[in-house]
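Here is the structure we will look at.
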Amino acid sequence: MPQPKPDENARAWHASAASKVRITGAKVIVTCPGRNFVTLKIETDSGVYGVGDATLNGRELAVASYLTDHVNDCLIGRDAHRIEDIWQFLYRGAYWRRGPVTMAAIAAVDTALWDIKGKLAGLPVYQLLGGAARDGVMVYGHANGADVDETVANALHYKELGYKAIRLQSGVPGLASTYGVSRDRYFYEPADARLPTENIWSTEKYLRSVPPLFEAARKALGWDVHLLHDAHHRLTPIEAGRLGKELEPYRPFWLEDATPAENQANFRLIRQHTTTPLAVGEIFNSIWDAKQLIEEQLIDYIRATIVHAGGISHLRKLANFADLHNVRTGCHGATDLSPVCMAAALHFDLSIANFGVQEYMRHTAETDAVFPHHYRFADGMMHPGDAPGLGVDIDEALAAQYPYEPASLPVNRLEDGTMFNW
Ligand SMILES: O=C(O)C(=O)C[C@H](O)[C@H](O)CO
Ligand SMILES: [Mg+2]
């Protein structure tokens with residue numbers, strides 16, 4: 001029997017058959033409505049455009065240059081529908097894989113392409129990702145204060161606002177400044193000066209301060225609210241094990257960034273000493289940063305988010321992998337992640353199987369005005385809205401009124417002058 005003739009031009013056929021939407025332009029917008037944000041806007045010949053967040057706090061211009069000097073020209077003429085192909089082109093094609101600058105740039109392209117695909121389909125992005133897997137996205141807010149009383153008072157306020165999960169960070173007696181404690185009630189912005197501010201840190205003083213904070217918070221708030229805490233990479237594994245054990249009676253939702261995670265095996269030691277759930281990963285930029293942590297079930301929540309971990313496409317892979325190992329998500333959502341990232345994270349959170357919680361720090365009114373958006377908060381939950389695409393935009397004329405202002409994250413020294421983790 002004669003065999004069917006192979007189609008020698010299959011590749012060409014595939015290339016021409018699908019309906020194409022050509023990318024006609026890509027531009028980077030840097031704006032500072034209270035803090036710096038880098039946004040990528042991709043335009044197509046259909047008239048539809050998409051936006052992606054590319055903000056890397058304290059290193060913003062490196063990503064802006066990566067996009068402008070090395071990526072944007074490569075996008076022109078490509079089919080905006082081919083999100084995975086473009087992701088692979090940028091990741092494999094860089095040769096220098098991973099790293100926060102590369103992955104933030106790829107994330108911005110990926111996010112903008114999902115926005116375009118949603119707008120062209122007339123669907124919110126979460127519908128393209130499989131639809132809503134829950135009614136809304138539980139978020140946690142930041143309660144902080146100079147001392148335990150002020151922090152607990154702020155936490156009570158968050159509870160009144162309807163929050164079901166609250167992060168507690170309090171000033172440490174004997175230390176002039178502490179991570180997570182702001183002078184402002186809602187907006188904590190660590191990038192506070194052009195050159196890095198030098199803070200002083202004492203692990204001993206800090207460790208004494210956290211259990212009394214949780215004890216007071218449980219007394220005042222009761223047990224029907226989740227309580228979280230961020231150690232911000234400052235403990236050794238054995239110190240983290242001790243803190244986790246001391247917090248167990250207060251049932252924290254998680255202890256975050258207990259120890260730096262370059263060496264993923266660090267978390268084994270913490271696990272051996274405490275049942276307090278562990279969260280890590282806001283500075284991760286790919287699935288490889290979390291592979292051992294997830295495979296060995298050394299953590300409970302993975303904090304990687306859209307802008308710093310390669311966009312919606314890569315974060316979905318990470319979440320699916322985590323799901324196999326009972327690890328849930330808890331996306332980073334500090335104010336240095338723009339409303340574009342927040343919108344993308346909410347579509348992602350709503351659609352995945354193993355969602356845990358989403359961090360939510362309110363942006364300033366100036367930021368909200370530059371980035372008009374459809375996402376909303378009610379009763380401790382958020383929803384991305386049902387506008388086609390991501391449901392977020394950038395007002396370029398307004399953005400231009402807030403030029404870039406150099407700002408750095410702080411650094412820490414121990415009391416004897418030794419450089420330490422911030
Ligand atoms: O929100 C958190 O949990 C943080 O740790 C915030 C980070 O310090 C901040 O995003 C750094 O830019
Ligand atoms: Mg953190």
Side-chain angles (χ1 to χ4, degrees), residues 32 34-38 53-63 100-101 103-104 107 139-144 151 158 163 165-170 177-182 184 186-193 196-197 199 201 206 210 226-235 240 243 252-261 267 277-285 289-290 293 299-309 329-342 345 356-364 367 405-412 420-422:
C32 187
R35 68 159 348 282
N36 291 312
F37 294 109
V38 179
D53 183 20
T55 309
L56 187 61
N57 202 5
R59 296 291 184 271
E60 292 90 355
L61 298 186
V63 189
V101 175
M103 295 305 275
V139 295
Y140 70 88
H142 285 212
N144 63 77
T151 305
Y158 272 91
Y163 281 84
I166 303 169
R167 191 184 89 158
L168 305 172
Q169 306 292 140
S170 186
S177 67
T178 312
Y179 164 75
V181 179
S182 65
D184 189 288
Y186 292 112
F187 308 109
Y188 173 65
E189 179 43 69
D192 58 359
T197 306
N199 294 333
W201 175 252
Y206 163 77
V210 188
H226 297 300
L227 300 180
L228 297 78
H229 182 70
D230 188 351
H232 219 260
H233 326 268
R234 295 182 188 182
L235 304 176
L243 179 60
F253 184 87
W254 78 31
L255 173 60
E256 176 189 338
D257 285 346
T259 198
F267 280 73
L278 301 172
V280 73
E282 68 183 32
I283 66 168
F284 291 179
N285 47 69
D289 294 324
L293 289 168
I299 56 169
D300 302 279
Y301 296 93
I302 179 74
R303 300 253 307 130
T305 195
I306 308 289
V307 57
H308 299 140
T329 64
C331 286
H332 188 201
T335 37
D336 47 296
L337 291 82
S338 89
V340 177
C341 180
M342 189 67 200
V357 72
Q358 167 69 49
E359 182 179 14
Y360 175 48
M361 261 175 107
R362 285 173 23 175
H363 287 108
T364 60
T367 298
E405 287 175 26
S408 300
L409 287 169
V411 296
N412 263 339
F420 197 60
N421 311 322
W422 178 75

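Counting starts at 1 for both ligands and their atoms, in listed order.
Every atom of ligand 1 is numbered from 1 in the order shown, and the set under 4.0 Å from a heavy atom of Trp422 is 8 (O). Within ligand 1, the atoms closer than 4.0 Å to a non-hydrogen atom of Glu256 are 3 (O), numbered from 1 in the order shown. Here is the list of ligand 1 atoms found below 4.0 Å of a heavy atom in Ala334: 1 (O), 6 (C), 10 (O). Below 4.0 Å from some heavy atom of Arg167 lie the following atoms of ligand 1, by number and element: 1 (O), 2 (C), 3 (O).
Between Asp300 and Trp254 the shortest side-chain heavy-atom distance does not fall below 4.5 Å. In this structure the side chain of Asp230 reaches within 4.5 angstrom of the side chain of Arg167, judged on heavy atoms. You'll find the side chain of Glu256 stays beyond 4.5 Å of the side chain of Leu228, heavy atoms only.
Of the candidates Leu409, Asp230, Asp336, Leu337, Asp336 brings a heavy atom nearest to atom 10 (O) of ligand 1.
For Met361, the heavy-atom gap to ligand 1 stays at 4.0 angstrom or more. Between Tyr360 and ligand 1 there is no heavy-atom distance shorter than 4.0 Å.
For the pair His332 and ligand 1, the shortest N or O to N or O distance falls below 3.5 Å. On a distance-only criterion, His232 and ligand 1 share at least one N/O pair closer than 3.5 Å.
Between Asp230 atom OD2 and Glu282 atom OE1, the angle centred on the Mg ion (ligand 2) amounts to 180° (nearest 10°).
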>> Test side chain to side chain contact (heavy atoms under 4.5 Å, CB included) on Val357 and His226; report intermediate values, then the result.
In response: CA-CA 10 Å; Val357 72; His226 297 300; over 6 Å; no
>> Apply side chain to side chain contact (heavy atoms under 4.5 Å, CB included) to residues Tyr206 and Leu243 and explain how you reach the verdict.
In response: CA-CA 10 Å; Tyr206 163 77; Leu243 179 60; 3.9 Å; yes
> Run the side chain to side chain contact (heavy atoms under 4.5 Å, CB included) check on His308 and Phe284 step by step: do they pass?
Replying inline: CA-CA 7 Å; His308 299 140; Phe284 291 179; over 6 Å; no
>> Test side chain to side chain contact (heavy atoms under 4.5 Å, CB included) on Glu282 and His233; report intermediate values, then the result.
In response: CA-CA 11 Å; Glu282 68 183 32; His233 326 268; 4.2 Å; yes
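Among protein heavy atoms, atom 5 (O) of ligand 1 sits closest to Glu282 OE2, 2.7 Å. Looking only at protein heavy atoms, the nearest one to atom 6 (C) of ligand 1 is Tyr179 OH, 3.4 Å. Taking atom 1 (O) of ligand 1 as the reference point, the nearest protein heavy-atom neighbour is Glu359 OE2, 2.5 Å.
Here the OG atom belonging to Ser338 is positioned 11.5 Å from the CD1 atom belonging to Ile306, to the nearest 0.5 angstrom.
Geometric assessment of Arg35 against the ring of Phe37 yields a positive cation-pi assignment under the 6.0 Å and 45° thresholds.
Between the Mg ion (ligand 2) and the N, O or S atoms of Glu256, the shortest distance is to OE2.
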